[in-house]
Amino acid sequence: MVHRLSRLNTPLLLSSVAFVAGAQEARLVILPDGGNLIRPVGANIVLTCKGEVPDPELISNLRWLGPDGRDLPNGDSGEADNSRISSEELVSDVGRILFIKGLQEADSGKYTCSAVYTSSQRLEAHVNLTTIVGITWEDAPTEQSAIFGQPYKVRCVVRANPPATIDWQKNGVGFTTNNHYVIENDGVLIREVSLEDDTYFTCRARVQTTGQLEDRRIRVEVFIPPEFIREPVNTSIVEGEGGFMECQASGKPDPVYTWLDRNNQNLNLNRERFIVDEQTGRLTIIDAKRTDEGEIKCLVENRAGKIEKTAFLKVIMKPVVVEYLNASGIMGREVSLTCKASGDPLPEVTFLKEGTLIPYTIGVQNSDDRIIVDTSREGEYAQARLVIRDLMRSDDGLYACIAKNNGGNYTKNGHITVEFPPSFALTPMREAWSWDNHLVNLTCRAESIPNATISWFLNGRNLENDYNILTNAFNGESTITVTPIDLSYYGTYRCLAMNIHGKDEHAIELREARAPGPLLQTKFETITATTITFNFIGPMDNGGLPIEAFAVQYKLAGQVWEEKPLQRVWPVGGHNQYDLHDSISHASTDIPYILENLEPQTIYSFRFAAKNQVGYGEWSREETHTMPKRAAPEEPYIIAKTENKVVSTPYPDRYELLWSAPPNNGEPIDYFEVAYYPVRNTSAGLIEAGQLVRTQVPYPANVRFEMKNLKADTIYRIELRAHNVIGFSAPAEILLRTAKDAAAVELGTTTTALPRETASPSQPQSKTIPYVIIGVIVAILVFIALIIDVSCYFVNKKGLIYIICNRSGRNKGSGRKGSNKNSALMDKDEHNDDQKELIKGDVADINNGLKKSASKSSVAKDSPV
């Protein structure tokens, strides 16, 4: 019970003890003094009652009485053990002490101290005890949460006695009831929570009578229910592979995601195959299984609420070919292949022949109406059938069955075997040769399915039991080894093949080989002091075997052939064999037949023969030749790849010259001389345009020389001569074109051998425009004049062209004036003619940047190149 402070105004009535005949000074005194005591609930209090009497020994029955008039427990007798309220007698004085521990509201009231004096006088003293309750926060949490958009009461329940007055503040600013807030006894009601309410509220309590003031700062956090940002959607995942499902939501606090399968089992707990991203809610599925298929629920919740969404997880079964058997058919008839496949969804099934790129389509094939593909569904399987009518041998082979769905492809090979009668179409052997009991193999290959049985016959006689013939058969191929011990084994051998579908035969003619006949012709192509180069035209009769080699026997004049003459044998063509029907093509070969190490000024006798596997043919009649005297070497051969007899180097400043050493004509070559200089093309031919460089290259050490410090985009004439003690050989010559300067190419400029006229870089581009126009007009006028002049030439034999042609004709045969400088190399007028023939259309375009000309004609002497 809460006692109001108004009771404090009640007058304290202390009973006075009536004394008989002048004894009124005896009384009881309660300490602390005052008559009215105010104490807070929970406090401890001690009240002491003392007797003020003349003779303390006369006081008896001193005790305390509670507000209800009953005696309070006496601590002296032990009856107040564990009691909150008890009294004890004073030891040093006459009196009694009242102890009250942990004051309660019910402890308020009037407490009385009573005693008897002189056995007849009753003494009493009173004290009024008032308990008060301080400001107590009974239901005012400092952290509270409200849900966005919903009503919420910020709780603040205060208990106080006397009662407290409550007021409110938001962010330190006071407010009263309004459209948004309603202040009630137990808190503030927020009609509809908004984000602005996510702040601090202050509940302030004050008691005017006691002056007590307390406040409670309450943090209100506004929670937002979850809302989907990305809802889960139906998803397909291939069996055995991985995938994911999205489920993302917003909310405050951050929502928690839970995924449930079709059986409401929490997938978050299966961390081996399911992973949930706590931030985005994504469900990652590893190694999807068929049992995972079904409805998957995404549950999103936080302290403000929860939402959920269901999507379907489809597990795709990869296609598998469960049945596909090989098939056999007979040529000309019909065969079929059947392929059965499983998968979810059911796969599309078709066929692809090995070696092709495009699978067959459903129905009759446009490319071959013999082939038909049809499909059907057989329960849980997709089935396709490939039918081929009028089988041909080309239909034999592998056919892939391809099953395809969203999960991927599955391929399995099947084979169609086309059975057919024997055929010797792939047996090229038509004839064979033997001699002197040499063994010879005769082979025939019979194509057939099933394999054919092969028998051999000679002149109608079965050779199965002939001891001079060995037979070896394997996989449709049969080979007999014949030992022709006499002429009866030469003739026509017949190979007979048979199987269940038919038979075929093949004939091979075995002929007796012999040595080749005499050569038709021997040519002495080139004769030097020490070498002779021959060319041969083979014999008309090769003896039945290809010519393997040509041979020469030679001796000094006066010797006889029986004294073991010297001999040289050359393989035919260096790498080819000579054939009777190809004698002309082998009359000249890339590799010459050269006889070396002959003595100069010596008379030799020669005879020649052809050779095949049997041996040498008949030797030709003897021919005698006298070797020339020792002389300067022959002309060397420059090794270079030419185009229109001009060599191009990829380098602007260097070139490596390579050559092969020529015959030395009896004296060893001691060095080669390399001479080169730049040239330019004029109407009179090529003329020297720079300094001559001459170098000696020692031999036999070198057959190469590197030319350095050349000019870019320039044509050089190069001459190479071999030297021995007798003198120089004839020169070998080439024209060399160097590459354009790399720096000029990078800058996008074009270098010409003879630049005509270039515009100055400092001239404005606009100034060149009138010159271009004038040039175009001049070109048109020249073209018109040229047409008129050509017409005059053909009609009236007049005009500029006519004059030039007549002058050119008069100059023919008159020779050309050679440059004195050119005589340092060779004083022959033929050089200009030869070089003009070499450069052809290329050098003719020197003044136009050395661009290649499409013309194949030579540059004429007086041509205005």
Below 3.5 Å, can you tabulate the donor-acceptor pairs from side chains in residues 144-156 to any protein atom, sequence neighbours excluded?
residue, atom, partner, partner atom, Å
Gln144, OE1, Tyr152, OH, 2.8
Gln144, OE1, Arg155, N, 3.1
Gln144, NE2, Pro141, O, 3.1
Gln144, NE2, Arg155, O, 3.1
Tyr152, OH, Arg155, NH1, 3.4
Lys153, NZ, Glu184, OE1, 2.4
Lys153, NZ, Asp186, OD1, 2.9
Lys153, NZ, Asp186, OD2, 3.2
Arg155, NE, Asp139, OD1, 3.3
Arg155, NE, Asp139, OD2, 3.4

Leu386 vs Tyr399, test: side chain to side chain contact (heavy atoms under 4.5 Å, CB included). Steps then yes/no.
CA-CA 9 Å; Leu386 172 67; Tyr399 291 80; 3.6 Å; yes

Please examine the side chains of Phe457 and Leu463, heavy atoms only from C-beta on, and report whether any two atoms are closer than 4.5 Å.
no

His438 backbone acceptor or donor facing Asp436 side chain under 3.5 Å:
no

Tyr489 to Arg461 - nearest heavy-atom pair and separation:
CE2-NH2, 4.5 Å

Salt-bridge present (Arg389, Asp369; N to O < 4.0 Å)
no

Donor-acceptor pairs under 3.5 Å, side chain of residues 301-311 to any protein atom, not counting sequence neighbours: which ones?
residue, atom, partner, partner atom, Å
Asn302, OD1, Ala304, N, 2.9
Asn302, OD1, Gly305, N, 3.2
Asn302, ND2, Ile224, O, 3.0
Asn302, ND2, Lys252, O, 3.4
Asn302, ND2, Pro253, O, 2.9

Below 4.0 angstrom, N of the basic side chain to O of the carboxylate: do Arg282 and Glu246 qualify?
yes

Under the criterion side-chain contact (heavy atoms from CB on, under 4.5 Å), which of Lys170, Arg219, Glu221 is the partner of Thr199?
Lys170

Report yes or no: do Tyr324 and Asn413 form a side-chain donor-acceptor pair below 3.5 Å?
no

With side chains defined as the heavy atoms from C-beta onward, is the minimum distance between Asp261 and Ile296 less than 4.5 Å?
yes

Is any side-chain heavy atom of Lys297 less than 4.5 Å from a side-chain heavy atom of Asn264?
yes

Would you call Tyr493 and Ile480 a side-chain contact if the rule is heavy atoms closer than 4.5 Å?
yes

Asp197 and Tyr181 side chains, donor-acceptor separation under 3.5 Å
yes

Given the rule in the side chain to side chain contact (heavy atoms under 4.5 Å, CB included) test, do Phe420 and Glu447 qualify, once you have shown the distances and angles that lead to the verdict?
CA-CA 9 Å; Phe420 56 92; Glu447 293 182 286; 4.1 Å; yes

Roughly how far apart are Asn366 CG and Tyr360 OH, rounded to 0.5 Å?
13.0 Å

Report the distance from atom OG of Ser455 to atom CG of Asn462, rounding to the nearest 0.5 Å.
6.0 Å

Does the side chain of Phe351 come within less than 4.5 Å of Pro359's, by heavy atoms?
no

Can you tell if the side chain of Ser376 reaches within under 4.5 Å of the side chain of Glu378, non-hydrogen atoms only?
yes

Arg511/Glu431 ion pair, N-O < 4.0 Å
yes

Beyond-backbone contact of Asn405 with Glu348, side-chain heavy atoms, under 4.5 angstrom
no

What is the distance from atom OG1 of Thr481 to atom CD1 of Ile469, rounded to the nearest 0.5 Å?
9.5 Å

Do the charged groups of Lys318 and Glu239 touch, with an N to O distance under 4.0 Å?
no

Leu269 CG: over 12 foreign heavy atoms closer than 6.0 Å:
yes

Rounded to the nearest 0.5 Å, how far apart are CG of Asn468 and CG of Asp486?
8.0 Å

Search all heavy atoms of Asn612 against all heavy atoms of Pro546 and return the closest pair with its distance.
CB-O, 3.3 Å

Can you name the nearest heavy-atom pair linking Ala327 to Val335, along with the distance?
CB-CG2, 3.8 Å

Please check this pair: side chain of Asn268 against backbone of Thr258, looking for a donor-acceptor N/O pair closer than 3.5 Å.
no

Report the C-alpha separation of Asp395 and Arg370 in whole Å, then their side-chain angles, then the decisive distance to 0.1 Å, and conclude whether the salt bridge (Lys or Arg N to Asp or Glu O under 4.0 Å) test is met.
CA-CA 11 Å; Asp395 296 324; Arg370 299 178 305 112; 2.9 Å; yes

Answer yes when Arg262 and Glu293 have at least one side-chain N-carboxylate O distance shorter than 4.0 Å, and no when they do not.
no

Any carboxylate oxygen within less than 4.0 angstrom of a Lys/Arg side-chain nitrogen, looking at Arg385 and Asp374?
yes

Look at atom CZ of Arg273 and say whether more than 12 heavy atoms of other residues, nucleotides or ligands are closer to it than 6.0 Å.
yes

Enclosure of Glu295 CD (heavy-atom neighbours >12, cutoff 6.0 Å)
no

Are there over 12 heavy-atom neighbours, none belonging to Glu509, within less than 6.0 Å of that residue's CD?
yes

Hey, mind stepping through Lys404 and Tyr410 against side chain to side chain contact (heavy atoms under 4.5 Å, CB included) and telling me if it holds?
CA-CA 6 Å; Lys404 179 180 179 181; Tyr410 189 97; over 6 Å; no

Ile285 and Phe244, any side-chain heavy atoms less than 4.5 Å apart
no

Taking atom types as modelled, is there a side-chain donor on Trp456 or Ser478 under 3.5 Å from an acceptor on the other?
yes

Considering only NZ, NE, NH1 and NH2 on the basic side and carboxylate oxygens on the acidic side, decide whether Lys314 and Asp344 come within less than 4.0 Å.
yes

Nearest-0.5 Å distance, CG of residue Leu458 to OG of residue Ser488
7.5 Å

Is a donor on one side and an acceptor on the other found under 3.5 Å between the side chain of Gln365 and the backbone of Thr361?
yes

Is it the case that the side chain of Ser423 and the backbone of Ala425 share a donor-acceptor pair, with hydrogens and angles ignored and the cut-off at 3.5 Å?
yes

Side chain to side chain contact (heavy atoms under 4.5 Å, CB included) assessment of Gln383 paired with Val349:
CA-CA 7 Å; Gln383 179 174 288; Val349 184; over 6 Å; no

In short, Pro484 meets Ser434 closest at the heavy-atom pair CG-OG, 3.3 Å

Tell me, yes or no, whether the heavy-atom count around Phe312 atom CZ, taken from other residues, nucleotides or ligands under 6.0 Å, exceeds 12.
yes

Please find the pair of heavy atoms, one from Gly281 and one from Trp259, that lie closest to each other, and give the distance.
O-NE1, 3.0 Å

Rounded to the nearest 0.5 Å, how far apart are CZ of Arg445 and CD1 of Ile454?
9.0 Å

Is there a salt bridge (Lys or Arg N to Asp or Glu O under 4.0 Å) between Asp287 and Lys289? Walk through the geometry before answering.
CA-CA 6 Å; Asp287 187 20; Lys289 300 184 180 301; 3.5 Å; yes

For Ile485 and Asn437, which heavy atoms make the closest approach, and how far apart are they?
CA-OD1, 3.3 Å

Does Leu545 offer a backbone N or O that forms a donor-acceptor pair with the side chain of Trp433 under 3.5 Å?
no

